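Encoded as structure tokens, the structure appears first; notes follow it.
Bear in mind the structure is a predicted one, so any value in this text is a computation, not a measurement. Just so it is clear, the values below take in all heavy atoms, side chains as well, and ignore hydrogens, waters and symmetry mates. Letters go in sequence order (proteins before strands), and every chain restarts at 1.
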Amino acid sequence: MPEILEIEYYRRLAHRSLDRPIASVSAPDAWYLKGDTDAARLTGELVGDSFVAARRIGKLLLLDLGGGVALGLRFGMTGVLEIDDDEGVDQLRYASARRDPEWVRFSVRFGDGGELRMRDARRLGGVELDPAEDRLGADALSLTGAQLRSALAGSRAPLKARLMDQHHIAGLGNLLTDEILWRARLDPARPAGELDATTRRRLHRHLCTTLDQLLERGGSHTGDLMVARERGGSCPRCGSALLRRTIGGRTTYSCPAEQR
DNA sequence: ATTGTGGCCTGCCCGC
DNA sequence: TGCGGGCAGGCCACAA
């Protein structure tokens, strides 16, 4: 499950693709091309040009072309970025380590012989030219307290669902959100708009430190709750049996004793 | 607008 | 040993 941390690793890896003239594009899977993007348009926009910047908004990776168009890459749950046969992450939870050539849904060959590839077994990711960037909320890795406040304000949705709503905060997925709320000792089911200022600041603090720490450790799957995130798991802090629920349409683990 | 639900995709794991 | 069902979750369409 690439979440914001994995896409940040991909963005750093993607620096290696900058300023290398593009010789050809392979987009064999039409289903993988989103919006009005098709193989012919991709070839027309990319070939002969180069990527000049690698940006990221939440889980969306953006490679800017010299001509002004942006190539948007979404990785879904199992998407992996490879450049010149190096991968952006060592291991992706739920993604296979196999490198089946059939799983390459999109690739860009550079004039120097190197290649950028998107490998995605389950085809939940996608490629789109000029994706709608303005539909994404504030980026979670640089989220300010004011941005968190405005993202939660007035919402009656469960706190977890609101934190994962990419239109309000971009980048948080299921594992990171469970980890953050567990560290902040907050019930994922609490109505998002009902946090008082003190509690909201606590959440903001844990959100920032969790992302920083897990980015250092190596990814979304390195959280402290992770080892217990299975049926029958118990809280790594207090030992209580963890609660397993569906919140915001996602399997959610929380400690009923500590998270209030 | 907000919130909830279902479906997409398919590899993998478990139980029989 | 093979098979079938459930599960994983990012994202979108849709309904109320």
- Query: Which is true for A:P131 with a 4.0 Å heavy-atom rule: it touches a base, it touches only sugar-phosphate, or it touches nothing?
  - Reply: nothing
- Reckon A:G173 touches a base, only the sugar-phosphate, or nothing at all at heavy-atom distances under 4.0 Å? sugar-phosphate
- A:S155 vs B:dT3: side-chain N/O to OP1/OP2 distance below 4.0 Å: yes
- Query: Distance check: side-chain N/O of A:R123 vs OP1/OP2 of B:dT10, anything under 4.0 Å?
  - Reply: yes
- Task: Inspect the contact between A:R217 and A:D224 and indicate whether a charged nitrogen and a carboxylate oxygen are less than 4.0 angstrom apart.
- Result: yes
Nearest-nucleotide pick for [X], side chain only, options being [options]:
X	options	answer
A:R156	B:dT3, C:dG10, B:dG11	B:dT3
A:R250	B:dT10, B:dC8, B:dG7	B:dG7
A:W31	B:dG11, B:dC9, C:dG10	B:dC9

Rounding to a whole Å, what distance do you find between [X]:[atom1] and [N]:[atom2]?
X	N	atom1	atom2	value
A:M164	C:dC12	CE	C1'	15 Å
A:L136	C:dG10	CG	C1'	12 Å
A:R105	B:dT10	CZ	P	7 Å
A:R231	B:dG15	CZ	P	11 Å
A:L61	C:dC11	CG	P	13 Å
A:K59	C:dC12	NZ	P	10 Å

Say whether [X] and [Y] are linked into one hydrophobic cluster, either directly or through other cluster members, by side-chain heavy-atom distances under 4.5 angstrom.
X	Y	value
A:I4	A:L159	yes
A:V69	A:L62	no
A:L211	A:L152	yes

- Query: Under the 3.5 Å rule, do the base of C:dG10 and the side chain of A:R74 count as making a donor-acceptor pair?
  - Reply: no
- Residue pairs fulfilling salt bridge (Lys or Arg N to Asp or Glu O under 4.0 Å) with at least one residue in residues 8-37 of chain A, sequence neighbours excluded: A:E8-A:R11, A:E8-A:R12, A:E8-A:R56, A:R16-A:D86, A:R20-A:D84, A:R20-A:D112, A:D29-A:R123, A:D36-A:R41
- Note on the structure: Residue pairs passing the salt bridge (Lys or Arg N to Asp or Glu O under 4.0 Å) test with at least one member in residues 235-249 of chain A, sequence neighbours excluded, are A:D187-A:R245, A:R237-A:E258
- Exam field: side chain A:D49 to backbone A:L65, donor-acceptor pair closer than 3.5 Å: no
- Which residue lies toward the 5' end of DNA chain B, A:H168 or A:G248, if each is placed at its nearest nucleotide? A:H168
- Item | Global bending angle along the helix from B:dT2-C:dA16 to B:dC16-C:dG2, which compares the axes of five pairs at either end, to 10 degrees | 40°
